[in-house]
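Below, chain A is the first sequence line, B the second, and so on; all start at residue 1.
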2 protein chains.
Amino acid sequence: MQNLEKILAHNHIKPTAMRLLVLQFLLNKKVAISLTDVENYFDQSDRTTLYRTLNTFVAKGISHKIDDGTGITKYALCEENCHCEINTDLHLHFHCTNCNETVCITDYKIPQIHLPKGYIAENVNLVVKGICDKCNCK
Amino acid sequence: MQNLEKILAHNHIKPTAMRLLVLQFLLNKKVAISLTDVENYFDQSDRTTLYRTLNTFVAKGISHKIDDGTGITKYALCEENCHCEINTDLHLHFHCTNCNETVCITDYKIPQIHLPKGYIAENVNLVVKGICDKCNCK
DNA sequence: TGCCTTATGCAACGGAAGTGCATTATTTGC
DNA sequence: GCAAATAATGCACTTCCGTTGCATAAGGCA
């Protein structure tokens with residue numbers, strides 16, 4: 001698990017116990033998670049700390065925020081070489097209305113969008129809702 | 001303003017005073033509005049009534065809900081012939097981070113999205129954030 | 001060791017969505 | 001036209017999530 005510390009160190013985040021645990025949790029989960037998810041998992045721990053831990057991860061660039069249209073902010077680890085700020089590697093998020101999970105579909109890149117004259121795009125968010133493959137197979 | 005009553009009647013909504021007022025408000029506003037917007041405008045009126053009025057409009061199909069990524073649910077009247085439920089007339093929403101307004105950009109239709117095997121799309125939401133034409137010109 | 005910075009934990013706030021229930025208006029059947 | 005049923009409204013309250021302030025604990029550095 002040295003790996004975890006390396007990830008943090010590489011992004012200039014002090015490897016506290018809590019951060020290592022949260023990072024591992026994010027790594028294990030393949031889906032985007034909410035603050036409440038983390039909170040439930042680390043039952044004994046304080047909500048604020050977890051909240052700030054997630055925000056630190058976002059600020060330092062190892063994870064990104066996702067708005068999947070449920071009104072609840074989700075978090076997911078960035079891919080290798082991800083530069084969240086830049087328009088080019090934006091991808092699709094899929095929210096399953098059955099299991100309530102949100103996954104990043106990195107294969108699908110958002111196409112160039114031509115806005116009416118005068119509009120300046122800074123950020124694009126594409127969310128598809130429906131049934132995910134797991135729920136579909138059941 | 002007979003028109004307003006016709007719209008409601010056509011969608012099987014009883015034309016109460018409140019509903020007519022809210023409908024007119026929506027018609028005048030070219031942008032997507034939040035419950036709070038309506039609430040501020042109809043200062044004397046109860047929030048719950050407005051909340052339920054908007055929900056009724058959505059349920060009966062004369063307006064649709066928009067999630068513009070601000071975390072605040074917005075509402076906008078459907079276009080003529082809109083069938084919100086159906087994937088074909090989904091359009092783009094643009095949220096201006098300067099004036100905080102959200103507009104429907106109906107000219108841009110969301111292209112077909114090819115999801116991985118097993119996924120079923122029911123709904124697509126595409127939100128672009130940035131600076132709108134009005135703010136850009138200032 | 002002592003100082004300074006950072007992380008953590010507790011408490012509390014605020015906005016927004018939503019619900020329960022009593023009251024008022026509006027239909028509808030008789 | 002009246003009574004009963006149905007629907008709409010208004011008030012109070014709850015819950016959930018995001019966020020902040022502040023005091024304490026921990027860790028790094030001179």
Discussion item. Let me check something: do A/Val38 and A/Leu4 share a hydrophobic cluster, defined by ILVMFWY side-chain heavy atoms less than 4.5 Å apart, either directly or through other members?
Written reply: yes

Worksheet item: Do the non-hydrogen side-chain atoms of A/Leu115 and B/Asp133 ever get within less than 4.5 Å of each other?
Response: no

Worksheet item: OP1 or OP2 of C/dA16 sitting under 4.0 Å from any side-chain N/O of B/Thr36?
Response: yes

Fill in: Separation of D/dC16 P from A/Asp37 CG (nearest whole Å)
14 Å

Discussion item. Does C/dT26 have its OP1 or OP2 closer than 4.0 Å to a side-chain nitrogen or oxygen of B/Thr16?
Written reply: no

Discussion item. Counting only heavy atoms from other residues, nucleotides and ligands, does the tally under 6.0 Å from CZ of B/Phe25 exceed 12?
Written reply: yes

Discussion item. Rounded to whole Å, how long is the line connecting atom CG of A/Leu50 with atom P of D/dC16?
Written reply: 18 Å

What's touching nucleotides 2-4 of chain C from the protein side, N or O pairs under 3.5 Å?
none

Discussion item. If hydrophobic clusters are built by linking Ile, Leu, Val, Met, Phe, Trp and Tyr wherever their side-chain heavy atoms come under 4.5 Å apart, do A/Tyr119 and B/Leu126 end up in the same one?
Written reply: yes

Worksheet item: Under a 4.5 Å cut-off applied to non-hydrogen side-chain atoms, are A/Lys74 and A/Asp67 in contact?
Response: no

Discussion item. Using a heavy-atom cut-off of 4.0 Å across all strands, would you classify A/Ser34 as base, sugar-phosphate, or nothing?
Written reply: nothing

Worksheet item: What integer distance in Å separates B/Leu20:CG from C/dT26:P?
Response: 12 Å

Item to complete: To the nearest Å, give me how far apart CG (A/Asp68) and C1' (D/dC17) are.
Response: 14 Å

Worksheet item: CZ of B/Phe42 versus C1' of D/dT9: gap in Å, rounded?
Response: 15 Å

Worksheet item: Going by heavy atoms in the side chains, are B/Ile62 and B/Leu8 under 4.5 Å from each other?
Response: yes

Worksheet item: Are A/Leu92 and A/Val31 connected in the hydrophobic side-chain network, where two residues link if heavy atoms are under 4.5 Å apart?
Response: yes

Fill in: First encountered from the 5' end of DNA chain D, between B/Gln44 and B/Thr56
B/Thr56

Response to the item:
In whole angstroms, the gap separating P of D/dC17 from CG of A/Asp46 amounts to 16 Å

Practice prompt. Without swapping roles, check the side chain of A/Arg19 against the backbone of A/Lys14 for a donor-acceptor pair under 3.5 Å.
Written response: yes

Response to the item:
Nearest heavy-atom approach of A/Asn136 to B/Gly118 is ND2-O, 2.8 Å

Practice prompt. Measure from CZ on B/Arg19 to P on C/dT26 and round the result to the nearest Å.
Written response: 12 Å

Worksheet item: Does OP1 or OP2 of D/dA8 have a side-chain N or O of B/Thr49 closer than 4.0 Å?
Response: no

Practice prompt. Starting at atom CG of A/Leu8, determine the distance to atom C1' of C/dT6, rounded to an integer number of angstrom.
Written response: 15 Å

Worksheet, complete the sentence: Readout for nucleotides 19-30 of chain D: B = base within 4.0 Å of protein heavy atom, S = sugar-phosphate only, - = neither; 5' to 3' it is BBB---------

